[in-house]
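Okay, so here's the structure we're looking at.
So that the names make sense, note that chain A is the first sequence line, chain B the second, and so on, each numbered from 1.
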Protein chains: 4
Amino acid sequence: MNRVGEVRRKQQRGIRTRMALLEAAGRVFSRMEYDKAKLKDISDDAGISLGSLYFHFGNKDDVAAAVLDAQQERMTEVLSSVVETEGSSLGRLLDLLDGVAELISADALVQAGIRLVGSLPDELKDRGYGFYEEWQRVAETLIREGLEDGSVTSTAPAPELAEVVHETFIGAQVLSGMMDGWQTLPARIERARPRLEALLAPEA
Amino acid sequence: MNRVGEVRRKQQRGIRTRMALLEAAGRVFSRMEYDKAKLKDISDDAGISLGSLYFHFGNKDDVAAAVLDAQQERMTEVLSSVVETEGSSLGRLLDLLDGVAELISADALVQAGIRLVGSLPDELKDRGYGFYEEWQRVAETLIREGLEDGSVTSTAPAPELAEVVHETFIGAQVLSGMMDGWQTLPARIERARPRLEALLAPEA
Amino acid sequence: MNRVGEVRRKQQRGIRTRMALLEAAGRVFSRMEYDKAKLKDISDDAGISLGSLYFHFGNKDDVAAAVLDAQQERMTEVLSSVVETEGSSLGRLLDLLDGVAELISADALVQAGIRLVGSLPDELKDRGYGFYEEWQRVAETLIREGLEDGSVTSTAPAPELAEVVHETFIGAQVLSGMMDGWQTLPARIERARPRLEALLAPEA
Amino acid sequence: MNRVGEVRRKQQRGIRTRMALLEAAGRVFSRMEYDKAKLKDISDDAGISLGSLYFHFGNKDDVAAAVLDAQQERMTEVLSSVVETEGSSLGRLLDLLDGVAELISADALVQAGIRLVGSLPDELKDRGYGFYEEWQRVAETLIREGLEDGSVTSTAPAPELAEVVHETFIGAQVLSGMMDGWQTLPARIERARPRLEALLAPEA
DNA sequence: AATGAATGAGTTTTCATTCAT
DNA sequence: CATGAATGAAAACTCATTCAT
């Protein structure tokens, strides 16, 4: 156990350092573009040496990739937890938007991931874009379920409904990110909720 | 040839050079971020010397500002021409989206302006953002007029309707820009049109 | 002619700068290994900015490649001038060794090329090695001619004779380079001359 | 288990680790220059931690020095065993070349030593060079003995004969090292043997 | 106006070496 | 003895900007 405990302790230390660097990267990348952000900014923000940053991530692209991965993980987590909730499909879809909006406005690392997608070196582009496509598929699935459970009543094709919902959500993200650093994103989504309800479940 | 003619000819030449550089800047900035784009890329793309680029624009920020100005000018042009059209306010609003989508998908300089807004040095941010706010005001105005002329029947508050329309449009821009360099933006807007009509003028 | 003269003058300046950098690279690379040599050393030696070095050569490998090219050019020049000389083939072969030895001991850039061959990034290896193979072919050709004109009387196969001559010459280069920076290479070759004569034209 | 046995076991383990690192250093240094080779490459190649490498060798120069020592030891071993052989001095000299060629082509650590000599930090240069001088003295001694026992019949001065033999051998090493990682060195020496015999013992 | 060479102030990256465990 | 994380100093490379012509 001496040996084993030692190893574990060392790993712990490394993991903690890596995490601290990752969070710092999140803060830095959420404030500025990929190219504007200097790795020195990140290591300074973390209070850890630049060399250590390289030890843990290898190069700048890999730092960005790690941020992207962490973002997607956190968003997927919200997605899973909300989707498995009780309630109508429409309700869950809208709750999902709320949940993600909340996450984005509160988590610099997630904000960083969002910014990063727009200014990524080519090799990382797919990694970022793929997530957007998946996200729209989730919306479409919930809408289809909503058509079955009666919570969605629009007669429009599900893919097109999903597309518009997705566009609206992305637009809200971009505009709130631009205007106030995502602080008002939840409020925006709150305001949009009745509009989306009207779209998916018109009173008729 | 007299002095005056010569001067005029030189000016003509200068203007043409400036234009060529501006278009090249559009092409380059539409393909990559502000920081990724090198002034050498632009002068190479234009086939004009780097020194000349500096002669005409002074520095990198000014190149971006010029691109932004040109973009806004071209978008404003579409805006004016569509708004002054005959027809219902709702129709004009939706035609406006069509028109702008068309412009974006066809004009690299306009695409460049859109990209630039997301990755601008701080001093230029307001210049880019202001346009977005104005754009939403136009939507709101048209919606208000639609309420008067009966083409808009939704009972929701005009500002909130304008906000959602704006978000959807921006979202469509971002997604099409991301996925295929804005090629499919007009098709996206076409698909979204019935959804936006349902939102603004529910059958009921 | 104004325009043209101007262009020519500019080019001249660039060419002169490039040459100065190349010679400096020769001096530096002749004194130390590729990896030990810093580009700053070269630009300092030339009294020209590091940025300018990059402007002219792009990167470190390309500097080395340029040195290599220049070395091969200079050696080829000697080769041509000696080979076209009057006299027996054997005489010309041995004069060639003399001539190259002289060149090596006098020209830092050529020394640099020799050193570089031993410590080259993989992409450049072939470029350096090829020259050695060609060099041996020349020796073989001269030996064959010597068999015809009677100046070479050894009954051994020409390729094997050429190989040994080549090995001896290379060995002399390496040892003199190691011991005294090629200063005594001509003397070494002078001493070896009767041995090589004995080898190629034994008295019988 | 008692204290002493434990200590001995630890020592054994340490020696084995040191050896593994040394062999790994041989493999790495035989593939690349001193400066190109990273200590991490060596510890990775050995599958042993970098910290351990430092524990056993102190610093990079010391690793190189240890490789050099091991090379010289192995070469000296061959030298001794061949020189003490029965037979003519000329035969022993040529057998010596064969033996060393064989060793070089088979032993990465020896190859490493050879490469290292060409790219060594200044402090280690003498250590590497000295061996070359000694090597030539051995050749000269054998040639002198050959003059006495009649196996060497050339009338040229012994030092000059030794010099040429040495040059040829070094040249063969360099060329085979360059072309194919010393795989064909024994064959080269085999081919050169009759030439060297002709040189040292001309038929007359 | 136009050109392209030149510069310097960063930035990314590398790696020998040290250190805590 | 052994490990692997951490560090700092150095080097390669980039590029906006200036300058001489």
*Which stems does DNA chain E form, counting runs of 3 or more consecutive Watson-Crick or G-U wobble pairs with both distances under 3.5 Å?*
E:2-21 with F:2-21
Residues two or more places apart in sequence or in another chain: which of them pass side-chain hydrogen bond (donor to acceptor under 3.5 Å, both in side chains) with [X]?
X	answer
R31(D)	none
D45(C)	R27(C)
D62(A)	none
E23(C)	R74(C)

*Student check: side-chain heavy atoms of V28(B) and M32(B) closer than 4.5 Å*: yes
*Can you sort out the partners of K36(D) under salt bridge (charged side-chain N to carboxylate O under 4.0 Å, His left out), two or more places apart, ordered by chain and number?*
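Applying salt bridge (charged side-chain N to carboxylate O under 4.0 Å, His left out) to K36(D) gives D35(C).
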_All side chain to side chain contact (heavy atoms under 4.5 Å, CB included) counterparts of F131(B), not counting sequence neighbours_ = Q72(B), M75(B), T76(B), E134(B)
_Residues in side chain to side chain contact (heavy atoms under 4.5 Å, CB included) contact with T17(A), at least two apart in sequence or another chain_ = L21(A), I48(A), S52(A), H56(A)
Would you mind reading off the distance between [X] atom [atom1] and [N] atom [atom2], rounded to a whole angstrom?
X	N	atom1	atom2	value
K40(C)	dT14(E)	NZ	P	22 Å
I15(B)	dA2(E)	CD1	P	11 Å
D44(C)	dA12(F)	CG	P	12 Å
Y34(B)	dT14(F)	OH	P	20 Å
F57(B)	dT17(F)	CZ	P	14 Å
D61(B)	dT17(F)	CG	P	7 Å
D62(B)	dT17(F)	CG	C1'	13 Å
Y54(C)	dT17(F)	OH	C1'	20 Å

*What string of B, S and - do you get for nucleotides 6-11 of chain F 5' to 3' if you count protein non-hydrogen atoms under 4.0 Å?*
SBB--S
